[in-house]
Structures are given as structure tokens and as C-alpha cells.
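Residue numbers start from 1 in every chain, and the chains themselves are labelled A, B, ... in the order their sequence lines are given, proteins ahead of strands. Treat the numbers as computed from the prediction; the structure is a model and nothing was measured.
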2 protein chains.
Amino acid sequence: MTIKEVCEKYDITADTLRYYERVGVIPAVTRTAGGIRDYQDEDIAWVENAICFRDAGMPVEMLIEYVKLFQAGDSTIDARTNLLKEARETILEARKKYDIALEKLDYKIGRYELAQKTGVLTWDDGEDK
Amino acid sequence: MTIKEVCEKYDITADTLRYYERVGVIPAVTRTAGGIRDYQDEDIAWVENAICFRDAGMPVEMLIEYVKLFQAGDSTIDARTNLLKEARETILEARKKYDIALEKLDYKIGRYELAQKTGVLTWDDGEDK
DNA sequence: CTACAACCTGGAGTTAACTCTAAGTCAAGG
DNA sequence: CCTTGACTTAGAGTTAACTCCAGGTTGTAG
């Protein structure tokens, strides 16, 4: 699979894919004899995971750390598990904050829509937002 | 309430609070005669909301836009509602991605922990991560 | 064999969101 | 009054994560 095809498949730029490889967010991608990237299933799996975890706000540094541990072999399985658990906690925390924001948004939207219907804006709590 | 007290209450730096005010993420904060910030309930409500929405990944630009609309008066209620609804959709999308990442993490953690117990790492799908 | 598009690299530039610095002002204790 | 510490501003600096660019290479179509 060419870089272009991977770009289209995951809606990501070629620059970002090369950047991920360059800094180690994903391991070195398979190349053709001429040196052109030719993504295999395994390369694509790394790309997919990188995008997934980045989308969840996991920092690039953490993904690099994971790849390093992975490449260091089975002796790092403990460390990898810990890293993943830490990431899990961080993402859970973040998601909690998203839920709080959604509640707040729903409350505000509800009030504005009520104001729309009745033509009157009421402030229960002395301030907006 | 002094800036320091607000910092402590929300675990945020004074620099960030001043920055939010400077760029318009929150409206101008109440001041003492001497020009020192003295946060009132209303100011604090804006701060709290700003932090909440920033924590949910809402960009500073969007918060500034909302404050501008708010300050422009009741004629912008439609626009405000639309902005909030857009924010809601964006946050819902993001949260979906967090859930996908969590699933992936749980799967990986589960496999690593199994490997821990049995001493054997098995790859169902031909690749890790 | 020649276009020509798609690819390559190394390195510089951009963007969002802070974060820090310098130089000065305010306010409470002695 | 004087010190001392918290506060003020304007503006520069930092960081993460891309994003772009220049100059060169690869590979396919005619």
C-alpha cells in the first residue's frame, strides 16, 4: 500500500505519516527496493493504532515510548502494561471532563431554546454561560 | 476573590487566567480601585466555564466567539445556540474516539496480563499494538 | 529516452495555547 | 515612611504536533 493510499484510508496527510515514522510513533515502514514506502498489514496496524491513540489525546511522546519498549523485546512487557494502564487512566479522566462539559452544554442549549420559544431569557443563577 | 485564590480553587496558573482575560476567553474581570483583579461570582462562573470547555478540547477561538456574541446582546441568541450545538457535536465525536481508544487499550492490557500469568504471549491477529 | 507525477530527505516554518520576563504598582506589617 | 510580597502590563519565549519547502530520486506512460 502506497503512502497515498494510507493517507486516503485514514484521512491523514503524508507529512504526518512520515513525521510519525521519523520520530518513532510507529516503527520503520517497509520499503520497496527503490526506497519508497510500501505499507504492509503490520505497518498499517501501527498507523491505525497511532491515529486512534492520538485521537484520544495520548501524547506523541508516550507512543514513542511504547514503540521503544516494544522493540526492546518481551522483557518490557511489564513496562508496556504499566504504560497502557497509565494511558487508560488519563483517557478516562479526560472523558469524565468531556461528560461534564456536555452536561453544561446541554443545560445552556436547553435554556436558550426555551428562551427562543417563550421570547424570555431567565437566569436561574445570576449569570450566563 | 484574588487571582491567587482563583488559581488555587481551579488549579490553574495566574498567567493562564490573565491570558484568558486578555484574549477574551472570559470578559473583563472586576477590579479594585487600585486596578487589582477581584473576582466576583459572575467572573468566577466565566472562569469555571472556560476551564470546563477547554478541558473538553473546545478551542480558545470558539470561547472568544461565544463571549463576543454574549456581549453583543440578546440578538445573538440564535448564533450562540448554534455555536453551542456545534461544540456539542464536536465533543460527542471526540468522546466517541476516546471510547474506541479505551476499547483498544483494554484489549491490549488484557492480553498483556494474560501473558503475564501464563508466561506466553499469543498474537491472534499477526501483529501487536 | 523523455516527461511527469509521486515519492524521498533534511530542515525550516507554523499554530495553538500557554508561560515567562522585565519593569513597574499596590497594600499590609513594623 | 519603608520594606516586602503579591499584583500589574506588554511583549517575548516555549512546547507539542504538525506542516511546508527545496532539491533530489523513482517509476510509469508514451
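The CZ atom of Arg18(A) sits 8 Å away from the P atom of dC7(C) (whole-angstrom rounding). Going from atom OH of Tyr39(A) over to atom C1' of dA6(C) covers 14 Å, rounded to whole Å. Put simply, CG on Leu17(B) is 17 Å from P on dA6(D), counting in whole angstrom units. Between Tyr19(B) atom OH and dA10(D) atom C1' the separation is 15 Å, expressed in whole Å. Whole-Å rounding puts the Glu21(B) CD to dT8(D) P distance at 8 Å. dA16(C) atom P lies 14 Å from atom CE of Met62(B), rounded to whole Å. When the C1' atom of dC18(C) is taken as reference, atom CG of Asp55(B) falls 14 Å away, rounded to whole Å. Between Phe53(A) atom CZ and dA16(D) atom P there is a gap of 21 Å when expressed in whole angstrom units.
Side-chain proximity of Arg31(B) to dT9(D), dT9(C), dC7(D): nearest is dT9(D). The side chain of Ile3(B) lies closest to dT8(D), out of dC18(C), dT8(D), dC7(C). When each of dA17(D), dT8(D), dC18(C) is scored by its nearest atom to the side-chain atoms of Ile36(B), the top-ranked nucleotide is dT8(D).
For dG11(C), neither phosphate oxygen OP1 nor OP2 lies less than 4.0 angstrom from any side-chain nitrogen or oxygen of Arg22(A). The side chain of Thr16(A) places an N or O atom within less than 4.0 Å of a non-bridging phosphate oxygen (OP1 or OP2) of dT19(D). Phosphate proximity of dC18(D) to Tyr20(A): present, with a side-chain N or O under 4.0 Å from OP1 or OP2. Contact check, Thr2(B) against dA6(D): no side-chain N or O comes under 4.0 Å of OP1 or OP2. Taking side-chain N and O atoms only, Arg37(A) has no distance below 4.0 Å to OP1 or OP2 of dC7(C).
Thr90(B) places a side-chain N or O within 3.5 Å of a backbone atom of Glu86(B) that can act as its donor or acceptor partner. Between the side chain of Arg18(B) and the backbone N or O of Arg22(B), no donor-acceptor pair lies under 3.5 Å. For Thr76(B) (side chain) and Ala72(B) (main-chain N/O), no donor-acceptor pair under 3.5 Å exists by modelled atom type. A donor-acceptor pair under 3.5 Å is formed between the side chain of Thr118(B) and the backbone N or O of Leu114(B).
Proximity of residues 8-15 of chain A to DNA chain C (heavy atom under 4.0 angstrom from any strand atom) is not detected for any residue.
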Just the atom pairs and distances: protein N or O near nucleotides 2-4 of chain D's N or O, under 3.5 Å.
none

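Each of Gly34(B) and Lys4(A) has a nearest nucleotide on DNA chain C; the 5'-most of these lies closest to Lys4(A). Along DNA chain C, the nucleotide closest to Glu61(B) and the one closest to Thr32(B) are compared, and the more 5′ of them pairs with Glu61(B). Of the two residues near DNA chain D, Glu5(B) and Pro59(A), the one whose nearest nucleotide lies more 5' is Glu5(B).
Judged purely by distance below 3.5 Å, without hydrogens or angles, the side chains of Asp38(B) and Thr30(B) never pair a donor atom with an acceptor atom. A donor and an acceptor atom, one from each side chain of Arg80(B) and Tyr112(A), are located under 3.5 Å apart.
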For the pair Ile36(B) and Arg31(B), evaluate side chain to side chain contact (heavy atoms under 4.5 Å, CB included) and give the outcome as yes or no after the intermediate values. CA-CA 5 Å; Ile36(B) 304 236; Arg31(B) 305 290 182 115; over 6 Å; no
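Applying the side-chain contact (heavy atoms from CB on, under 4.5 Å) test between Thr81(B) and each of Ile77(B), Asp78(B), Leu84(B) identifies Ile77(B) as the sole match. When Lys9(B), Arg37(B), Glu8(B) are each tested for a side-chain contact (heavy atoms from CB on, under 4.5 Å) with Met1(B), only one passes: Lys9(B).
The aromatic ring centres of Trp46(A) and Tyr39(A) sit 6.0 Å or more apart.
Using a 4.0 Å heavy-atom criterion, one finds that Arg54(B) contacts the sugar-phosphate atoms exclusively.
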